[in-house]
Amino acid sequence: EKGGYEHFMHKEVHEQPKAYQDTMRGRIDESGKKVVLPDFHMTAEQIKNIKNVQIIACGTAYHAGLVGRTVIERLVRIPVETDVASEYRYRSPIVTPETLVIVVSQSGETADTLAALREAQSHGAHVLAITNVVGSSIARDANDVIATLAGPEIAVASTKAYTSQLIAFYLLGLYFAQVRGTQTEEQVAETLAAMQALPEQVEAILAREEEIKGYAEKFSSHDHLFFIGRGLDYAAAQEGSLKLKEISYIHSEAYAAGELKHGTLALIEEGVPVIALATEQALIEKTVSNIKEVKARGGEVLAVCYEEDAKELMKSVDEVVTIPKTLPLLTASLSVVVLQLLAYYASLALGLDVDKPRNLAKSVTVE
Ligand code: F6R
């Protein structure tokens, strides 16, 4: 059942190219230039009337929601907030019938997410669920569903479900942009072409596993580690940090790169590993200056970046892992694969139970 892999997580990381393809299939028209969402119920009128979006989820799905926020804001220019379900419910959220609420859940059974969905509906909001289980409680109760087609995810650490959720957000953002006219046809076509290249680009990252494994083994003897990045790199950093903590039990923190100097830079000492995501082209210079602050304190920096930036970055960091180039909007779909592999190989190096980490359940049905 593990199809020749030693662990489900490893198998599921490798299933991502297929999960990306399956989640896109039938949702891009034959010309390749337009998103079609055949099962989507919102009318053009309703979509045009959306005043704000709230994305609600837990854990890894919440991290997908952080990417979703940027995707929708950049493509559609509607204000979006992303919140964890257990917080959202208790802050008397301001929801109106013109609020679109998006709940994200792999299992579709997470108690807090389900309760948040009901809270939002009680205020008249239209609730869209992005879920991997179409027969789940969340799918049944939602007003609309975009199914991620990642296939069953067995490992407790979510991988292909997260990346499929990102694909769902890209599709949704583009669809709204078409309806509201916030992107030109050419822009939509360009993004769709870049999305269709992602599966092959993920394969290219997977082909470099041995190299990534080497880095993971190196830092796995440390007790603390930092992830830094700006923009979508920061969103991906947060997911990478959770993945590492979950299965390797190494303490890590994800920091917005510019925020480090507002406190925790004090924790960067000689030899502390720092994984710096530096793919957001518009922000790369700023990220580099933050990397220099880390280096000045003795941190050991591994950068995740594009090939074309590797040479320049090597002037400031200790090592680089390069990823294929994509559009700025799509970067997390590639960088996160490196972070998943780092977490996997760190857990393996420490001899831990990768698929069933302590104190975690695959589906959390208590609040
Ligand atoms: C992390 C992980 C959890 C889940 C969270 C939400 O790898 O799996 O953080 O993402 O419990 O679960 P779903 O998406 O099923 O609502």
Side-chain angles (χ1 to χ4, degrees), residues 7-13 15-16 19 23 55-68 82-89 101-120 127-142 145-169 227 235-250 252 254 332 336-337 339-344 346-347 352-367:
H7 299 102
F8 282 111
M9 181 182 174
H10 198 208
K11 173 172 177 265
E12 290 162 5
V13 164
E15 282 171 348
Q16 289 178 113
T23 303
I55 303 173
I56 308 159
C58 303
T60 285
Y62 165 72
H63 293 149
L66 294 177
V67 175
T82 300
D83 210 344
V84 289
S86 58
E87 286 297 313
Y88 176 84
R89 287 174 58 197
V101 171
I102 305 176
V103 292
V104 191
S105 175
Q106 187 284 128
S107 64
E109 300 297 344
T110 300
D112 277 311
T113 311
L114 182 58
L117 173 159
R118 292 185 176 142
E119 163 88 22
V127 179
L128 161 66
I130 295 178
T131 180
N132 202 38
V133 182
V134 284
S136 62
S137 310
I138 286 176
R140 255 182 287 126
D141 281 15
V145 177
I146 295 186
T148 49
L149 297 165
E153 192 179 62
I154 312 292
V156 166
S158 180
T159 54
K160 62 176 182 171
Y162 167 87
T163 45
S164 302
Q165 287 157 1
L166 302 192
I167 299 289
F169 273 117
F227 289 84
Q238 291 178 77
E239 172 56 9
S241 175
L242 174 61
K243 221 75 312 169
L244 184 72
K245 281 182 280 207
E246 261 189 296
I247 59 169
S248 77
Y249 316 147
I250 298 171
S252 72
V336 122
V337 177
L339 308 186
Q340 293 167 345
L341 288 170
L342 285 173
Y344 174 73
S347 177
L352 299 171
D353 189 346
V354 175
D355 282 337
K356 286 204 176 56
R358 67 186 183 209
N359 304 343
L360 262 183
K362 183 67 187 161
S363 180
V364 183
T365 50
V366 291
E367 296 180 12

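We count ligands from 1, going down the list as the structure has it; atoms in each ligand are counted the same way.
- Salt bridge Glu12/Lys160: absent, no basic N to carboxylate O contact under 4.0 Å.
- The CD1 atom of Ile56 sits 11.0 Å away from atom CG of Asp112, with the distance rounded to the nearest 0.5 Å.
- Shown here are the side chain to side chain contact (heavy atoms under 4.5 Å, CB included) partners of Lys356, two or more places apart in sequence or in another chain: Asp353.
- Put simply, the side chain of Glu109 does not reach to within 4.5 Å of the side chain of Ile138, judged on heavy atoms.
- Side-chain rings of Tyr162 and His63 stay apart, their centers remaining 6.0 Å or farther from each other.
- Near ligand 1, residues Cys58, Gly59, Thr60, Ala61, Ser105, Gln106, Ser107, Thr110, Val156, Ala157, Ser158, Lys243, Glu246 each place a heavy atom inside the 4.0 Å sphere around the ligand atoms.
- Using a 4.5 Å heavy-atom cutoff, the side chains of Gln340 and Glu239 are not in contact.
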